[in-house]
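It should be emphasised that the depicted structure is a prediction, and the values quoted were computed from it without experimental measurement.
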Amino acid sequence: MTSTKTKAKQTTAPAPERGPVRSSEPVSLPEPSRLQEPTRLQEPIRFLEDRFDCAQACVECARACALRASCMDPDGPKVRQLARRMGLMCAEVCDATCLVLDGQHPRGEAGIRVQVEWCRSVCRECADVFDRCPGAQAGARACRACAQACTDFLATLLPV
């Protein structure tokens with residue numbers, strides 16, 4: 001028995017020549033402000049993250065306001081009556097805003113902007129009212145956090 005082996009002809013390409021490692025030309029680095037500009041991919045991601053953060057803050061604010069309002073006597077002093085009404089209104093507005101941001105009530109960008117601006121305004125007003133009521137500081141903090149999340153989200157929307 002004879003075995004025949006065929007060998008493939010092996011060819012190797014010549015290695016590319018590498019230039020000198022050091023260059024006599026100065027290296028120009030991008031300006032620091034250019035390094036922090038968002039890329040095209042980061043902009044939609046930031047939009048979605050801020051939208052989610054805003055919706056989450058609205059949920060937390062609605063919960064805190066509803067809890068605070070339920071603890072206040074409707075026949076108590078006027079400042080507590082006002083805080084109770086504002087707490088209920090803030091909870092409703094935050095809940096509606098969350099539904100809009102969640103896409104359950106689809107609206108265009110203008111409709112979203114109006115809803116979020118309204119939520120921010122009501123949250124700020126509610127926080128100011130809660131500040132005047134002893135024991136309502138947690139509700140005031142939740143309202144301010146929601147208003148800030150609304151502001152952050154509004155910054156990602158296209159200017160009017």
Side-chain angles (χ1 to χ4, degrees), residues 21-160:
V21 175
R22 297 183 184 196
S23 171
S24 61
E25 297 177 23
V27 176
S28 63
L29 297 174
E31 298 173 22
S33 63
R34 305 271 302 154
L35 293 174
Q36 290 155 6
E37 288 181 13
T39 64
R40 295 184 125 214
L41 180 62
Q42 289 171 330
E43 290 172 7
I45 292 171
R46 179 175 174 226
F47 170 81
L48 293 173
E49 287 175 342
D50 286 349
R51 185 174 177 148
F52 176 79
D53 290 345
C54 186
Q56 185 66 33
C58 286
V59 167
E60 291 169 9
C61 185
R63 186 178 303 128
C65 287
L67 178 65
R68 178 51 42 205
S70 70
C71 295
M72 294 188 179
D73 182 15
D75 298 324
K78 287 196 184 262
V79 73
R80 289 206 177 256
Q81 289 178 16
L82 176 63
R84 184 173 189 278
R85 283 194 311 273
M86 280 303 302
L88 291 172
M89 184 169 81
C90 190
E92 289 178 11
V93 170
C94 285
D95 186 51
T97 303
C98 183
L99 292 175
V100 167
L101 293 173
D102 191 28
Q104 294 183 27
H105 295 279
R107 295 187 181 171
E109 189 170 313
I112 292 172
R113 179 183 302 281
V114 168
Q115 182 72 38
V116 173
E117 286 174 348
W118 182 37
C119 183
R120 177 178 61 178
S121 174
V122 169
C123 285
R124 286 177 177 167
E125 190 175 340
C126 189
D128 291 341
V129 171
F130 278 177
D131 281 339
R132 293 182 266 167
C133 291
Q137 288 72 29
R141 280 192 302 274
C143 288
R144 284 197 178 83
C146 185
Q148 184 59 52
C150 288
T151 300
D152 294 344
F153 176 64
L154 287 167
T156 65
L157 296 177
L158 294 174
V160 183

[Y] side chain reached by [X] side chain, heavy atoms, under 4.5 Å:
X      : Y      : answer
Val93  : Trp118 : yes
Ile112 : Glu109 : no
Ser70  : Arg84  : no
Leu154 : Glu117 : yes

So that I can tick it off, tell me whether Arg144 and Asp131 are bridged by a salt bridge, with the cut-off set at under 4.0 angstrom between side-chain N and carboxylate O. yes
Are any of the side-chain nitrogens in Arg124 or Asp128 under 4.0 Å away from the carboxylate oxygens of its partner? no
At their closest point, which heavy atom of [X] faces which heavy atom of [Y], and how far apart are they?
X      : Y      : value
Gly76  : Gln81  : O-NE2, 2.8 Å
Asp50  : Asp152 : OD2-O, 3.6 Å
Ala55  : Leu101 : N-CD1, 3.7 Å
Cys65  : Phe130 : SG-CE1, 3.9 Å
Gly103 : Arg51  : N-NH2, 4.3 Å
Pro134 : Arg80  : O-NH2, 3.6 Å

Determine whether Gln148 and Thr151 satisfy the following criterion, side chain to side chain contact (heavy atoms under 4.5 Å, CB included), listing intermediate values before the conclusion. CA-CA 5 Å; Gln148 184 59 52; Thr151 300; 4.2 Å; yes
Gap separating the [atom1] atom of [X] from the [atom2] atom of [Y], nearest 0.5 angstrom:
X      : Y      : atom1 : atom2 : result
Leu99  : Cys58  : CG    : SG    : 10.0 Å
Thr97  : Glu92  : OG1   : CD    : 11.5 Å
Arg113 : Leu157 : CZ    : CG    : 5.0 Å
Cys126 : Arg68  : SG    : CZ    : 11.0 Å

Exam field: side chain Gln137 to backbone Gly135, donor-acceptor pair closer than 3.5 Å: yes
Donor-acceptor under 3.5 Å (Arg132 side chain, Ala83 main chain): no
Walk me through whether Met89 and Arg85 qualify under side chain to side chain contact (heavy atoms under 4.5 Å, CB included). CA-CA 6 Å; Met89 184 169 81; Arg85 283 194 311 273; over 6 Å; no
Kindly determine whether Val116 and Phe153 satisfy side chain to side chain contact (heavy atoms under 4.5 Å, CB included), including the steps that lead there. CA-CA 8 Å; Val116 173; Phe153 176 64; 4.0 Å; yes
Given Arg120, which of Cys146, Cys143, Cys54, Cys150 fulfils the side chain to side chain contact (heavy atoms under 4.5 Å, CB included) condition? Cys150
